[in-house]
Amino acid sequence: MIQKIKGTMDILPDRTPLFRYIEGIMREEAAKYGFGEIRTPTFENTELFVRGVGNTTDVVQKEMYTFNDRDENRSISLRPEGTASVVRAVIENGKCSDAMPLKYYYIISCFRHEAPQAGRSREFFQFGTEMFGSESPAADATSIALAASVIKRLGLDNVKLHINSIGCKECRPKYRGALTKYYGEHESELCDTCKKRLVSNPLRLLDCKNRECANLAKDAPRTVDYLCDNCREHFESLKKYLDGMGVEYTVDSSIVRGLDYYTKTVFEFVAEGIAAQSTVCGGGRYDGLVEELGGPALPGIGFAMGITRIILAMEQLGKDKIEECKPKLYIASMGEAASLRALSIVEKLRREGIWAECDVVGRSLKAQMKYANKLGADYTLIIGDFELESGKAQLRDMRASEQREVELDNFTI
RNA sequence: GUGGGAUUAGCUCAGCUGGUUAGAGCGCCAGGUUGUGGCCCUGGAGGUCAUGGGUUCGAACCCCACAUCUCACCCCA
């Protein structure tokens, strides 16, 4: 047989209710916070992601699904994340002239060619938001509060918020310098990959899980000590907003995001007790991105929440069991005439909005009763030739195991 | 991309140092008398032992390759 592509998944009817439940909460919360849904194409010009996500990132360098368009021979890519497309759409649709802020959310699948493991697949689902046009930490706090609200409603008290500030164009180089200097003095103690990172991306040294490196990170210079006045004020103010809004957090100087566009605020919601991919939601501010992609100098902030990682966190708490809807009524029939009648009654009830089922495979009465039981039907109506003639039938209450006679043409359950 | 573990029925797994027709539980289907579910009992269907090579008189079992899953690194949601 032809198998599915590595790192993709089939989600069957026993699991889709959980996805719908989670996505439903995301939509409701987003709406409450004034975010409107935006839908953008699954694929875009490769250049959009190269410029938007950053051409030094692993995501762009080695994880994108990139191919040439059949008739125009241009390079297009499956989206590896959602932000770049939204920024593009906002610019392209002239939304930069609207009243600020602009608030969008989306629930999409993204694609990255990575080695699959727990909480990571090649096609993955995320809930994301983007908010444009406000430099104020109040905007950051609002976005974070929305994410926190979704997590709270899902009952994930094993998920904690970590925040940090990585500064702006002004202060980041200074911090970077201090960090390079500090780690340079301890280069011999670093793991091999960190030695490389020292040159390529020193910020990433901070969250290396290697024991030696993690020890060094404890005494490493912290971003918050190198922020320029503007960034420091912004961060301090953000904390006040979060305090005032009752959003709990811890400041975690090891948080660095891997996409190039982040500035100032960065944050992660981390699930405790999950082995590897424990970051359930990640986001931050990206003040230069809109301009980078050809729009006006519009600040922005957003986050992305991994739906399958959320499910992992829910599973850990045993909160992943979502009750499926059950048919209220099952009609068991015997004989062709009764089957015809069963289908017509079921169809009528369905049009009235009642959930009803009947036999469509030609099972025996006993087997139909078993099936009704398996479906979890509340009631079963039993009809055969005798009932068709008399116009009356037995309606069985499956839970109470009692039955009563009802009019075939006019009965209620 | 780099390592470790795994792959036997729809699902979860047994299968002794290679030895005839590969097993269990659950699930599915059908029965346990004439038109009534859940519990119990009986029976049945269902497997080219992931795939392709190799070693051997003989391979689910040993060797190689490949695929997928899984765990970790890397990176990220």
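Computed from a predicted structure; not experimentally measured. Here is the naming used below: chain letters follow the sequence lines, and residue numbers restart at 1 for every chain.
With B:C75, B:C71, B:C76 as the candidates, the nucleotide lying closest to the side chain of A:Gln117 is B:C71. Relative to the side chain of A:Asn373, the nucleotides B:G37, B:C69, B:C71 differ in distance, and B:G37 lies closest. Side-chain proximity of A:Thr308 to B:U2, B:C75, B:A77: nearest is B:A77. Of the candidates B:C75, B:C71, B:A77, B:C75 carries the atom nearest the A:Glu63 side chain, counting heavy atoms from C-beta on.
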Dot-bracket for RNA chain B: what is it, with Watson-Crick or G-U pairs under 3.5 Å, [ ] where a pair crosses earlier ones, and | for a pair to another strand? (((((((..((((.....[...)))).(((((.......)))))......((((..]....)))).)))))))....
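For the ring pair (Phe, Tyr, Trp, His ring centres under 6.0 Å) criterion with A:Phe127, the lone passing option out of A:Phe35, A:Tyr106, A:Phe303 is A:Phe303. With respect to A:His113, the ring pair (Phe, Tyr, Trp, His ring centres under 6.0 Å) criterion is satisfied by exactly one of A:Phe67, A:Phe124, A:Tyr65: A:Tyr65.
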Hey, what are the protein-to-nucleotides 26-36 of chain B N/O distances that come in under 3.5 Å?
residue	atom	partner	partner atom	Å
B:C28	OP1	A:Lys374	NZ	2.4
B:C29	OP1	A:Arg363	NH1	2.6
B:G32	N7	A:Lys366	NZ	3.3
B:G35	N1	A:Glu387	OE1	3.1
B:G35	N1	A:Glu387	OE2	2.9
B:G35	N2	A:Glu387	OE2	2.9
B:U36	O2	A:Gln403	OE1	3.0
B:U36	N3	A:Gln403	OE1	3.2
B:U36	N3	A:Gln403	NE2	3.2
B:U36	O4	A:Gln403	NE2	3.4

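If you check every strand for non-hydrogen atoms under 4.0 Å, A:Ser401 touches a base. At a threshold of 4.0 angstrom between heavy atoms, the contacts of A:Ala372 with the nucleic acid are absent. Among the heavy atoms of the strands lying under 4.0 Å from A:Ser121 is at least one base atom, whether or not backbone atoms are also near.
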Where along nucleotides 45-50 of chain B does protein come under 4.0 Å, by heavy atom, of base (B) or sugar-phosphate alone (S), with - for untouched nucleotides? ------
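Listed by chain and residue number, A:Glu135, A:Arg285, A:Asp287 satisfy the side-chain contact (heavy atoms from CB on, under 4.5 Å) test with A:Pro299 (two or more places apart in sequence, or in another chain). Looking at residues two or more places apart in sequence or on another chain, you find no salt bridge (charged side-chain N to carboxylate O under 4.0 Å, His left out) involving A:Lys4.
In this structure, A:Arg112 atom CZ and B:G1 atom P are separated by 17 Å, rounded to whole Å. Atom P of nucleotide B:C76 and atom CD of A:Gln61 are separated by 11 Å, given to the nearest angstrom. Distance A:Asp10 CG to B:G10 P: 16 Å, rounded to the nearest Å. If you take CD of A:Glu114 and C1' of B:C73, they are 12 Å apart, rounded to a whole angstrom. The interatomic distance linking A:Ile255 (CD1) with B:A77 (C1') rounds to 14 Å, in whole Å.
Counting only residues at least two apart or on different chains, no side chain to side chain donor-acceptor pair (under 3.5 Å) pair has a member in residues 360-387 of chain A.
Ion pairing between A:Glu130 and A:Arg88 fails under the 4.0 Å rule for side-chain N and carboxylate O. Ion pairing between a basic and an acidic side chain is recognised when a charged N comes within 4.0 Å of a carboxylate O; A:Glu28 and A:Lys32 show no such pairing.
Proximity of a side-chain donor or acceptor of A:Lys174 to a complementary backbone N or O of A:Tyr226 within less than 3.5 Å is not detected. A donor-acceptor pair under 3.5 Å is formed between the side chain of A:Arg79 and the backbone N or O of A:Pro41.
Ring geometry, A:Tyr182 versus A:His186: the interplanar angle falls from 30° to 60°, so the pair is classed tilted.
Annotation: the span from A:Glu123 atom CD to A:Met9 atom CE amounts to 7.5 Å, rounded to 0.5 Å.
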